[in-house]
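Here's the structure we're looking at; comments come further down.
Naming: A, B, ... by sequence-line order, numbering from 1 per chain.
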Amino acid sequence: MSIYDTLNREQKEAVLTVEGPLLLLAGAGSGKTRVLTHRIAYMIDEMGVNPWHILAITFTNKAANEMRERVDNLVGFGSEQIWVSTFHSTCVKILRRHIDRLGFDNGFTIYDTDDQKTVIKEICKRFQIDTKQLKERAIMSAISSAKDELISPLEYEINAFGDFTKKKIASVYKEYQTILKRSNALDFDDLIMKTVELFKACPDVLYNYQERFKYIMVDEYQDTNTAQFELIRLLADRHHNLCVVGDDDQSIYKFRGANIRNILDYEKVYPEARVIKLEQNYRSTGNILNAANQVIKNNKGRKAKSLWTEKDAGAKVHYRQFDNGYEEAEFVAEDIARKVRKGECGYGDCAILYRTNAQSRIMEERFVLEGMPYNIVGGVNFYARQEIKDILAYLKTIDNGRDDLAVKRIINVPKRGVGNATLDKVQEYADMRNISFYDALREKDQIVSLGKAAAKLEPFVSMMQTFRSKAQYYGIQDMIEDVLEVIDYKGYLNSLNEEDEKTEDRLRNIDEFISKAAIYEQTHDEISLTDFLSEIALVSDVDSMEDADERVRLMTIHSAKGLEFTQVYLVGMEDGLFPSYMTIVSDDPTDMEEERRLAYVGITRAMEDLTLTYAKARMVRGETQYNPVSRFVREIPSELMDNTVPTVKRREEDVFDFRPKAVLKPKITPQPVKPFITQGIGSLNRVAGINKGAAALEADTVLDYTEGDRVRHVKYGEGKVLKLEREPRDYKVTVQFDNAGQKIMYASFAKLKRV
DNA sequence: GTGCCTGCTCACGGG
DNA sequence: GAGCAGGCAC
């Protein structure tokens with residue numbers, strides 16, 4: 001028996017169709033990854049295709065890793081030669097080799113959203129744009145959409161003819177690109193757009209990659225935007241061996257430029273394309289799948305298909321209503337605890353999915369309270385944290401002195417007495433001489449207007465030069481640790497006088513960052529700071545989600561795409577939240593269809609058990625909202641559910657009286673509890689503040705030491721108290737330690753002992 | 001130049 | 001509820 005005998009008829013057909021364009025419409029849970037991996041195996045083992053000629057593109061690193069692993073298991077020899085990666089990292093790899101052809105340096109840095117915002121802000125200020133009328137956010141998204149559509153600043157300007165706002169955006173867009181180029185930086189959208197530009201400008205480069213990638217596969221094709229489509233089209237233009245896999249019903253990234261027409265019109269672009277539909281679902285039980293089908297069929301703009309399963313109907317879809325979000329969270333946590341207690345599932349089998357990241361907080365608080373293990377995926381990206389970005393800015397400056405943004409970020413971190421006035425003067429000089437900000441710093445003595453301030457810049461410049469010379473022979477971990485030590489970053493964090501919990505979180509994050517660097521060094525043969533930095537720029541939280549972890553997953557429905565769980569809780573099923581208010585009031589009906597696809601994605605994540613919850617009242621940005629039950633819940637026929645969904649017209653009092661008994665018991669008095677385990681990216685910072693004030697001193701507490709006394713700290717050793725300041729809830733103590741330098745701390749946390 | 005306070009605005013999703 | 005610009009005191 002061969003490995004292909006386990007496939008169904010359509011799957012097999014897809015696997016055997018190797019030559020020519022192929023559109024694989026793969027419904028949720030229809031085994032598409034299986035098809036893709038088997039197809040690769042078939043190409044290599046049966047068709048004699050050289051693995052070197054195969055390119056497989058996915059959207060997330062996680063999906064790429066998963067495919068890589070499965071291909072490795074299936075294909076014996078040469079599988080490591082297959083190029084499996086995301087759009088963004090594919091482009092980085094190509095650009096690192098050739099972007100000099102477009103006048104960039106191959107060691108470019110990658111700007112994230114925060115970096116973009118800083119640049120845009122600076123431009124708006126300089127151009128005297130009233131950001132109350134034209135928001136930076138709006139400009140950013142306009143530029144991003146332009147790049148998704150491959151519209152250059154010049155074209156944008158031409159299109160803006162007569163439109164005042166667009167003209168302004170055009171001028172910002174143009175300046176933004178100039179600054180990025182001068183900083184030798186690219187943003188996420190540039191990665192794709194510049195690669196397309198490169199291919200169009202340099203046919204020889206394109207030819208090389210066309211001959212290399214004779215067989216191309218693209219996963220999650222419904223989420224590609226125009227630029228990504230063009231990239232793929234160019235690459236496949238010579239051999240036409242392009243297999244795209246997608247599901248128009250799961251297209252949920254329109255806001256990011258995804259063009260659903262790419263999949264709907266595939267056959268127009270490639271008239272000779274084979275189209276194969278995978279409609280048998282292997283994931284969910286009958287009731288869940290039916291519920292999903294019933295919801296999605298309300299969309300008009302979709303390719304006709306209907307998923308079916310051989311599985312039993314299974315449990316009905318659970319529906320629960322609550323008075324408010326707290327009770328909703330309480331129910332979800334207890335329901336999971338109950339299932340785990342009864343041995344029905346483990347924590348790791350459960351996922352709580354919500355529409356917006358803001359909803360995670362209330363759930364998290366409940367999990368902390370109950371001491372249940374959980375893991376928040378997404379939210380604030382680990383690498384976007386202030387302390388991590390500071391260190392990254394040091395590394396970027398060491399690696400690429402042309403990254404002005406990084407230099408400006410750290411020139412006064414820790415405090416070096418360099419303020420805006422000094423920055424402006426240096427920038428002015430840099431502009432005049434047409435050199436980078438960092439190079440201007442090095443020539444500080446030539447900047448007459450600086451006066452005495454020039455002396456304050458000297459230590460920074462000589463320190464950076466030392467780092468750079470060390471970079472030649474230091475590893476990445478060594479470099480990070482050296483930087484932290486030289487700038488005394490821990491001392492700086494302490495001097496910020498933030499809440500103690502917050503400082504501890506930051507220190508923990510730094511430790512985690514160091515270990516990530518160590519892992520990078522262990523897992524890569526060739527270690528380069530540039531590659532390390534670009535790898536970091538491209539990872540998201542979903543990517544680092546551990547599979548074997550026994551904890552409940554909390555994430556947005558967007559993050560959950562491509563994942564499956566036996567127990568799924570879709571919370572906050574309210575009109576106004578999901579679908580979002582923005583969608584309800586939108587005059588574009590396709591917005592609601594996208595929202596419905598999101599509901600479809602959410603429902604189809606569930607294998608055995610799906611629970612939908614609704615809260616009558618919910619706190620949203622500080623105010624209480626009363627929303628009707630989500631229309632998506634109402635689209636599920638009642639015979640598929642275990643509770644009746646009230647019609648919107650019913651009186652509110654009638655609506656909520658059949659809540660399950662479990663949530664009616666008296667409220668537990670909240671106790672500050674340490675999270676069961678804090679691991680994973682989301683959880684670390686988020687639990688901070690729960691214990692807020694718990695250790696604060698009573699008003700009449702008297703310390704047994706005073707100014708001038710010698711004290712001992714558990715970590716810093718002995719030192720002398722320089723200053724003691726009474727604050728409403730605590731004493732602020734400044735201590736000069738013998739070996740650890742000067743620290744400012746709160747008496748209640750520092751637990752100093754008089755010697 | 002720095003630190004702190006206040007009041008204002010903004011809030012969907014993410015590589 | 002949070003982040004940030006702007007104003008103010010030092």
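- Between A:F255 atom CZ and B:dG13 atom P the separation is 8 Å, expressed in whole Å.
- Remark: A:N420 is not in phosphate contact with B:dT2, judged by side-chain N or O atoms under 4.0 Å from OP1 or OP2.
- The side chain of A:N412 contributes no N or O atom lying less than 4.0 Å from OP1 or OP2 of B:dG1.
- Nucleic acid contact class of A:A537 (heavy atoms, under 4.0 Å, all strands): none.
- Using a 4.0 Å heavy-atom distance criterion, A:K254 is classed as making no nucleic acid contact.
- Relative to the ring axis of A:Y253, A:R256 places its NZ or CZ within 45° and under 6.0 Å from the centre.
- Separating the CG atom in A:L554 from the OG atom in A:S559 is a distance of 11.0 Å, to the nearest 0.5 Å.
- Remark: A:S559 is in phosphate contact with B:dG14, judged by side-chain N or O atoms under 4.0 Å from OP1 or OP2.
- Put simply, CZ on A:R137 is 12 Å from P on B:dG14, counting in whole angstrom units.
- For the pair A:K408 and A:F437, the cation-pi criterion (under 6.0 Å, within 45° of the ring axis) is fulfilled.
- Which of B:dG3, B:dG15, B:dG13 sits closest to the side chain of A:K415 comes down to B:dG3.
- Remark: A:T356 is not in phosphate contact with B:dA11, judged by side-chain N or O atoms under 4.0 Å from OP1 or OP2.
- Residue A:I536 contributes atom CD1, which lies 15 Å from atom C1' of B:dG15 at whole-angstrom precision.
- Rounded to an integer number of Å, the gap from A:E136 CD to B:dT9 P is 14 Å.
- For the pair A:G417 and A:E594, nearest-nucleotide mapping onto DNA chain B gives the more 5' position to A:G417.
- The residue A:T113 sits close to a base: some heavy atom pair falls under 4.0 Å.
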Indicate every side-chain donor-acceptor pair of residues 143-150 of chain A with a distance under 3.5 Å to a residue at least two apart or in another chain.
| from | atom 1 | to | atom 2 | distance (Å) |
| --- | --- | --- | --- | --- |
| A:S144 | OG | A:D189 | OD2 | 2.9 |
| A:S145 | OG | A:S141 | O | 2.7 |
| A:K147 | NZ | A:Q177 | OE1 | 2.7 |
| A:K147 | NZ | A:D187 | OD1 | 3.4 |
| A:K147 | NZ | A:D187 | OD2 | 2.7 |
| A:K147 | NZ | A:D190 | OD1 | 2.9 |
| A:K147 | NZ | A:D190 | OD2 | 3.3 |
| A:D148 | OD1 | A:N225 | ND2 | 3.4 |
| A:E149 | OE1 | A:T226 | OG1 | 3.1 |
| A:E149 | OE2 | A:T226 | OG1 | 3.2 |

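- By the 6.0 Å and 45° rule, A:K516 stacks over the aromatic ring of A:F382.
- Atoms CG (A:D591) and C1' (B:dG13) sit 12 Å apart, rounded to a whole Å.
- Among the protein residues, A:V418 comes within range of the sugar-phosphate backbone only, with heavy atoms under 4.0 Å from sugar or phosphate atoms but none that close to a base.
- One can place CD1 of A:I411 at 12 Å from P of B:dG1, the figure rounded to the nearest angstrom.
- Rounded to an integer number of Å, the gap from A:N61 CG to B:dG14 P is 15 Å.
- Think of the region where chain A sits on DNA chain C: with heavy atoms and a 4.0 Å cut, that region ends 5' and 3' at C:dA2 to C:dA5.
- Map A:G419 and A:F59 each onto its nearest nucleotide of DNA chain B; the residue landing nearer the 5' end is A:G419.
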Test ring-ring contact (aromatic ring centres under 6.0 Å, His included) on A:Y354 and A:H558; report intermediate values, then the result. CA-CA 9 Å; A:Y354 34 77; A:H558 280 92; over 10 Å; no
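- Relative ring orientation between A:F632 and A:F578 is described as perpendicular, the plane-to-plane angle rising above 60° on a 0-90° scale split at 30° and 60°.
- Heavy atoms of A:Y581 sit nowhere under 4.0 angstrom from any nucleic acid atom.
- Contact annotation: A:R416 side-chain N/O to B:dG1 OP1/OP2 distance is not under 4.0 Å.
- In this structure, A:H88 atom NE2 and B:dG15 atom P are separated by 9 Å, rounded to whole Å.
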Intermediate values then yes/no, ring-ring contact (aromatic ring centres under 6.0 Å, His included), A:Y492 and A:Y489: CA-CA 5 Å; A:Y492 165 75; A:Y489 194 71; 5.5 Å; yes
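- Interface remark: the A:D189 side chain does form a donor-acceptor pair with the B:dG15 base, using a distance-only criterion of under 3.5 Å.
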